[in-house]
Amino acid sequence: MNIFMDSDDDEEQDDEGTVEVGDERIQQVFDFKLVCCTSAFGMSGADESGGVIWGAGFVLARFVQAELVAGRLDRKQKWLELGCGLALPSLVATKYGVDITATDNSKTVLRRLKHNADRNNLKLQIAQLDWDTHSIDETFDIVLASDLVYSEEQALTLAPLVHAITKGIFIFAARDGRRGESIFLNQLKSLGFRVVHNYNSLLNEEELQDAFGASIDDVQRQRLTEAPHTIRVFRRLDHILANLATKRKELADCKHQMTQLQHDLRNLSTTFQQDIHAIIGTLQKRQQQDTSSSSR
């Protein structure tokens with residue numbers, strides 16, 4: 001995994017509304033102004049799918065935001081996004097102070113992402129990652145991915161990579177019915193991943209207006225709403241079992257402490273009763289002495 005460095009900052013900028021720049025435009029989404037592509041294939045016929053706002057990336061970004069605000073995802077852990085494209089989830093996570101690395105194999109995609117991060121004053125870590133030739137020697141607590149599987153070949157390549165780099169949670173968002181998705185899910189299961197949460201999302205007009213305002217067009221609206229999406233949160237089975245073992249140990253320690261506390265309370269009660277008896281005995285002796293003195 002190579003950290004992406006690029007010094008080409010000559011792209012045209014415009015911060016007002018939605019501005020066409022060749023095959024690209026500047027669009028407001030969430031609180032960001034992003035250079036994105038108008039379609040998956042540019043006027044030259046080049047593949048621009050990595051510059052398009054897709055439904056899966058959008059719902060994953062919205063999910064990440066909600067989970068971070070609610071405190072259900074740990075912003076202090078180490079995160080990574082695979083096949084990031086425009087990297088909406090990574091941009092959102094960075095905004096909330098997460099240490100996340102956004103990865104893609106396309107230098108064009110990464111150049112656009114660096115430009116978008118810079119124009120929004122976000123210090124996002126960006127790296128080039130080839131799934132076939134990767135040599136990642138580190139693991140991540142939380143790994144994100146959206147709409148990355150379109151064929152059996154991709155499923156068989158991606159699943160081992162996810163297994164190699166994920167030590168905690170893998171969150172996968174996809175448009176329902178993607179080709180190769182069932183194979184990918186079966187591969188993850190065979191590698192020891194288990195779905196712990198499952199969320200279905202069908203975007204509506206109110207959500208789109210809230211995120212895009214007036215910058216969304218009819219083509220984009222149709223792309224985002226034409227099919228439902230599912231977000232699956234996975235945990236590795238070995239990590240689940242390790243966490244259970246840790247919880248059992250904590251429970252056993254707590255039980256031991258409770259037993260010790262009960263023992264201490266019994267001793268305290270006994271000591272307290274003895275002290276009370278001693279005080280009463282002392283008071284009774286004094287009373288008898290006082291009575292004897294008075295009778296004389």
Side-chain angles (χ1 to χ4, degrees), residues 9-44 46-70 81 83-98 100 102 104 106 108-124 126 144 146-147 173-176 199-231:
D9 292 321
D10 297 330
E11 298 178 57
E12 181 178 348
Q13 295 188 25
D14 192 318
D15 290 332
E16 298 299 327
T18 303
V19 180
E20 301 290 341
V21 186
D23 289 342
E24 297 179 329
R25 64 178 178 177
I26 299 168
Q27 183 170 25
Q28 177 83 29
V29 53
F30 296 120
D31 295 326
F32 311 121
K33 286 185 172 64
L34 304 177
V35 174
C36 58
C37 294
T38 55
S39 64
F41 294 94
M43 290 184 292
S44 64
D47 182 2
E48 295 287 2
S49 57
V52 172
I53 298 175
W54 297 102
F58 177 82
V59 298
L60 181 56
R62 190 182 57 177
F63 174 81
V64 165
Q65 182 179 43
E67 295 298 290
L68 285 171
V69 170
E81 183 178 3
C84 63
L86 280 175
L88 275 180
S90 290
L91 293 173
V92 168
T94 301
K95 176 186 171 184
Y96 284 90
V98 173
I100 186 168
D104 205 289
S106 168
T108 299
V109 166
L110 297 178
R111 187 176 296 112
R112 183 187 296 114
L113 176 55
K114 182 178 183 301
H115 175 77
N116 281 333
D118 289 345
R119 72 183 292 124
N120 288 279
N121 298 315
L122 295 173
K123 294 182 178 180
L124 173 63
I126 301 170
L144 309 177
S146 58
D147 258 358
R175 173 175 164 171
D176 290 357
Y199 304 91
N200 298 105
S201 175
L202 182 60
L203 297 172
N204 57 51
E205 183 63 27
E206 182 180 351
E207 292 169 321
L208 296 180
Q209 283 295 122
D210 184 56
F212 292 92
S215 71
I216 191 169
D217 59 33
D218 291 338
V219 173
Q220 194 171 52
R221 181 180 286 104
Q222 181 179 359
R223 182 193 304 131
L224 294 171
T225 60
E226 63 186 356
H229 296 81
T230 299
I231 298 173

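Along the sequence shown, residues are numbered consecutively beginning with 1.
When side chains are defined from C-beta on, Asn120 does not count as touching Leu91, because their heavy atoms never get closer than 4.5 Å. Taking 4.5 Å as the limit, every side-chain heavy atom of Leu60 sits out of range of all side-chain heavy atoms of Asp147. At least one side-chain heavy atom of Lys95 sits less than 4.5 Å from a side-chain heavy atom of Phe32. Contact of the Ser90 side chain with the Ile100 side chain is registered, since non-hydrogen atoms from C-beta on lie closer than 4.5 Å. The shortest side-chain heavy-atom distance between Glu24 and Cys36 does not fall under the 4.5 Å cut-off. Side-chain contact check for Glu81 versus Val64: every heavy-atom pair is 4.5 Å or farther apart.
For Arg223 against Thr38, the heavy-atom pair with the smallest separation is NH2-O, 3.6 Å. Scanning all heavy atoms of the two residues, the minimum distance from Leu88 to Gly57 falls at CB-O, 4.2 Å. Closest of all the heavy-atom pairs between Leu68 and Ala93 is CD1-CA, 4.0 Å. Here the shortest heavy-atom pairing between Ala102 and Leu113 reads CB-CD2, 3.7 Å. Summarising the geometry of His229 relative to Asp176, their closest heavy-atom pair is C-OD1, 3.7 Å, with the distance given to 0.1 Å. Between Val92 and Ala61 the shortest heavy-atom distance is CG1-O, 3.9 Å.
Atom OG1 of Thr230 sits about 12.0 Å away from atom CZ of Arg175, to the nearest 0.5 Å. With rounding to the nearest 0.5 Å, the separation of NZ in Lys123 from CG in Asp118 is 11.0 Å. Note: Cys84 SG to Leu144 CG = 10.5 Å, rounded to the nearest 0.5 Å. Residue Gln209 holds its CD atom at 10.5 Å from CG of Asn204, rounded to the nearest 0.5 Å. One distance of note links CD of Glu226 with CG of Leu203; it measures 11.0 Å at 0.5 Å rounding. Between the OG1 atom in Thr94 and the CG atom in Leu124 there is a gap of 4.0 Å [rounded to 0.5 Å].
If you run side chain to side chain contact (heavy atoms under 4.5 Å, CB included) between Phe212 and each of Gln27, Arg221, Gln28, only Gln27 comes through.
Between Asp104 and Arg112 there is no salt bridge, since no side-chain N of the basic residue sits under 4.0 Å from a carboxylate O of the acidic one.
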Show your reasoning for whether side chain to side chain contact (heavy atoms under 4.5 Å, CB included) applies to Trp54 and Leu86. CA-CA 9 Å; Trp54 297 102; Leu86 280 175; over 6 Å; no

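Donor-acceptor pairing under 3.5 Å is recorded for the side chains of Asp47 and Ser49.
Around CD of Glu205, the count of heavy atoms belonging to other residues, nucleotides or ligands within 6.0 Å exceeds 12.
The aromatic rings of Phe63 and Tyr199 lie tilted to each other, with the angle between the two planes from 30° to 60°.
Shown here are the side-chain contact (heavy atoms from CB on, under 4.5 Å) partners of Asp210, two or more places apart in sequence or in another chain: there are none.
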